[in-house]
Amino acid sequence: MILTTSEESRLLDQRAMTEYGLPESVLMENAGASVVQLMKEKISWEDARVVIVCGSGNNGGDGFVTARYALSEGADVAVLVMGDASHMGANSLLYKNIAAKMGIPVISVAGADDAKEYLAGADIIVDALIGTGLKHHVKRSTAELITAMNDSEAVIVSVDVPSGMFSDSGCAAGAVVNADYTVALGSVKRGHVLYPGNGYAGTVLYSPIGIPNGAREHFPVKLVEEKDIYEFLPVRSFAAHKGTNGFIGIFAGSEGMAGAGLLTAQGALYGGGGKIALVSVGNAAFQLAGKIPEVMVSSCGDAPCFTEDMSDKAVKQTGMYDVVALGPGLGRNERTQTFVADMLEHCRKTMVVDADALFA
């Protein structure tokens, strides 16, 4: 699963057309069909009042195709078109004319005032206003139309990207559609997964729209999915016990910040550690003892924070562990910073250095 920029998305479409001979009209047809088919798992098109808001670019062409397929599922469909029709590409114009010939109302709107009566009665709004080619902030009448879409009580489905969102960064270009669902076409865009775009996009569904996987080779950024993670996870034997799944030593906490060590120990348990030792100091160690029954808690000394006087004992103790975590809640006392330096210099085990240990 590749994550593309807007330029890479155009390159992907171009590869499909030039290297595989897929016409743009086929990709557009597949895109519009995908919106309706994938959304059948989430919403009912039958008897729904559907308003499809189209622009004059290829995203609008996808919207015109969506209108036909929504009609075939029993929806009551109207298409609102904003923008200069003379700027439409040949395929967008083709599908616009087909929709009109099928009896779907295709209504030109100049802004929110023209669209409000249609949006107010909609059950579903399909946002096909602006695609991945957005380069400038959305202003005036376009921004007002997006705001009117957001103000409706309809379910909003964005085609490829929410209008008003920069697809590379996920940032808003002024006004932006707050979609309930987004159907990513051909590839998932970086803005779908980056903050704040992952909020604007809502639930993201994906369609390859018929582009062969070979066209997706050599794109640099990939989306890591659950199935990818499983390939890296070790398979545990049914005969496994705590001693066969790693011994983790955590040096964390200080007076007033004992909770950081507790959270780290919980993370170690959730991560699958077999044995977990939480080493803290003074009253913090006393507070931590018994909070998590599986975690062995001990104290490195009676002081309210780790000090250089504890370094030798701590380094010797690391000999028992397979991996050492150092830092959460240690505090920034100068003596604690010296302790951290000693640990880094003398501990020979794999270490995860975090929080106040990084400060030191």
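Hydrogens, waters and symmetry mates play no part in the numbers below; they use all other heavy atoms, side chains included. Sequential numbering from 1 along the given sequence is applied to the chain's residues.
Under the 4.5 Å side-chain heavy-atom criterion for ILVMFWY residues, no single connected hydrophobic cluster contains both Val204 and Val183. One hydrophobic cluster holds both Ile209 and Val36 under the rule that ILVMFWY side chains link at heavy-atom gaps under 4.5 Å. Val159 and Val157 fall within the same hydrophobic cluster, defined by Ile, Leu, Val, Met, Phe, Trp and Tyr side-chain heavy atoms under 4.5 Å apart, directly or through other members. Leu223 and Ile229 fall into different hydrophobic clusters, defined by Ile, Leu, Val, Met, Phe, Trp and Tyr side-chain heavy atoms under 4.5 Å apart, directly or through other members. Linking ILVMFWY residues whenever their side-chain heavy atoms come closer than 4.5 Å, directly or via other members, places Phe251 and Val353 in the same cluster.
Residues meeting the side-chain contact (heavy atoms from CB on, under 4.5 Å) test with Leu11, sequence neighbours left out: Gln14, Arg15, Phe219. In this structure, Asn59 has no side-chain hydrogen bond (donor to acceptor under 3.5 Å, both in side chains) partners at least two apart in sequence or on a different chain. Partners of Tyr321 under the side-chain hydrogen bond (donor to acceptor under 3.5 Å, both in side chains) rule, at least two apart in sequence or in another chain, are Gln317.
Pairing each heavy atom of Ile276 with each of Ala268, the nearest pair is CG1-CB, 3.8 Å. The two residues Thr244 and His241 make their nearest non-hydrogen contact at OG1-O, 2.8 Å. Across all non-hydrogen atoms, the minimal contact from Ala355 to Pro328 is CB-CA, 3.7 Å. Nearest approach of Val295 to Ala265, heavy atoms of both residues: CG2-CB, 3.9 Å. When all heavy atoms of Leu288 and Ala258 are compared, the closest pair comes out as CD2-O, 3.3 Å. For Met343 against Val315, the heavy-atom pair with the smallest separation is SD-CG2, 3.9 Å.
Summarising the local packing, NZ of Lys139 is surrounded by 12 or fewer heavy atoms from other residues, nucleotides or ligands at distances under 6.0 Å. Enclosure of atom OH in Tyr20 by more than 12 non-hydrogen atoms of other residues, nucleotides or ligands within 6.0 angstrom is indicated. Atom NZ of Lys349 has more than 12 neighbouring heavy atoms from other residues, nucleotides or ligands inside a 6.0 Å radius. Around CG of Asp84, the count of heavy atoms belonging to other residues, nucleotides or ligands within 6.0 Å exceeds 12. Within a 6.0 Å radius of CD in Glu225, more than 12 heavy atoms belonging to other residues, nucleotides or ligands are found. Asn198 CG: more than 12 foreign heavy atoms inside a 6.0 Å radius.
In this structure, the separation between CG on Asp62 and CG on Leu185 is 5.5 Å, given to the nearest 0.5 Å. For the atom pair Asp160 CG and Ser34 OG, the distance stands at 11.0 Å (nearest 0.5 Å). Distance check, rounded to the nearest 0.5 Å: CZ of Arg190 to OG1 of Thr4 gives 7.5 Å. We find the CG-CD distance between Asp168 and Glu8 to be 8.0 Å, quoted to the nearest 0.5 Å. The distance from atom CD of Gln37 to atom OH of Tyr69, rounded to the nearest 0.5 Å, is 8.0 Å. The CD1 atom of Ile104 sits 7.0 Å away from atom CD1 of Ile52, with the distance rounded to the nearest 0.5 Å.
Put simply, the side chain of Asn30 never gets that close to the backbone of Leu27: no donor and acceptor are under 3.5 Å apart. Distance alone, capped at 3.5 Å, places no donor-acceptor pair between the Asp123 side chain and the Ala48 backbone. Tyr95 places a side-chain N or O within donor-acceptor distance of the main-chain N or O of Ser25, the cut-off being under 3.5 Å. Side-chain N or O atoms of Arg49 include none that pairs as donor or acceptor with a backbone N or O of Tyr118 at under 3.5 Å. In this structure, Ser6 contributes its side chain and Gly133 its backbone to no donor-acceptor pair below 3.5 Å. Without hydrogens or angle criteria, Thr182 side chain to Ala184 main chain gives no donor-acceptor distance under 3.5 Å. Panel note: side chain Asn178, backbone Asn150; no donor-acceptor pair is recorded below 3.5 Å. In this structure, Thr147 contributes its side chain and Ala143 its backbone to a donor-acceptor pair below 3.5 Å. Glu255 contributes no side-chain N or O that, together with a main-chain N or O of Cys305, makes up a donor-acceptor pair within less than 3.5 Å. The closest donor-acceptor contact from the side chain of Ser254 to the backbone of Gly329 lies under 3.5 Å.
Side-chain contact between Ser92 and Met28: present, with at least one pair of heavy atoms (C-beta onward) separated by less than 4.5 Å. Counting only heavy atoms from C-beta outward, the side chains of Glu41 and Leu205 never approach each other to under 4.5 Å. With contacts defined as side-chain heavy-atom distances shorter than 4.5 Å, the pair Ser158/Ser163 does not qualify. When side chains are defined from C-beta on, Trp45 does not count as touching Val77, because their heavy atoms never get closer than 4.5 Å. Residues Met310 and Lys313 have side chains not in contact (no heavy-atom distance under 4.5 Å, counting atoms from C-beta outward). Inter-residue side-chain proximity for Phe166 and His137 is flagged as met; some heavy-atom pair is nearer than 4.5 Å. When side chains are defined from C-beta on, Glu24 counts as touching Asn58, because their heavy atoms get closer than 4.5 Å. Looking only at side-chain heavy atoms (C-beta outward), Met165 and Val177 stay at 4.5 Å or farther from each other.
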* To do: Could you walk me through whether Met82 and Asp114 pass side chain to side chain contact (heavy atoms under 4.5 Å, CB included), step by step?
  => CA-CA 10 Å; Met82 186 174 186; Asp114 297 337; over 6 Å; no

* Evaluation steps, side chain to side chain contact (heavy atoms under 4.5 Å, CB included), between Val155 and Tyr181 -> CA-CA 8 Å; Val155 173; Tyr181 301 94; 4.0 Å; yes

* Check the pair Tyr206, Met1 against side chain to side chain contact (heavy atoms under 4.5 Å, CB included), reporting the backbone distance first and the verdict last. => CA-CA 10 Å; Tyr206 164 70; Met1 180 73 75; 3.5 Å; yes

* Step-by-step side chain to side chain contact (heavy atoms under 4.5 Å, CB included) determination, Thr307 to Thr338 -> CA-CA 7 Å; Thr307 66; Thr338 303; over 6 Å; no

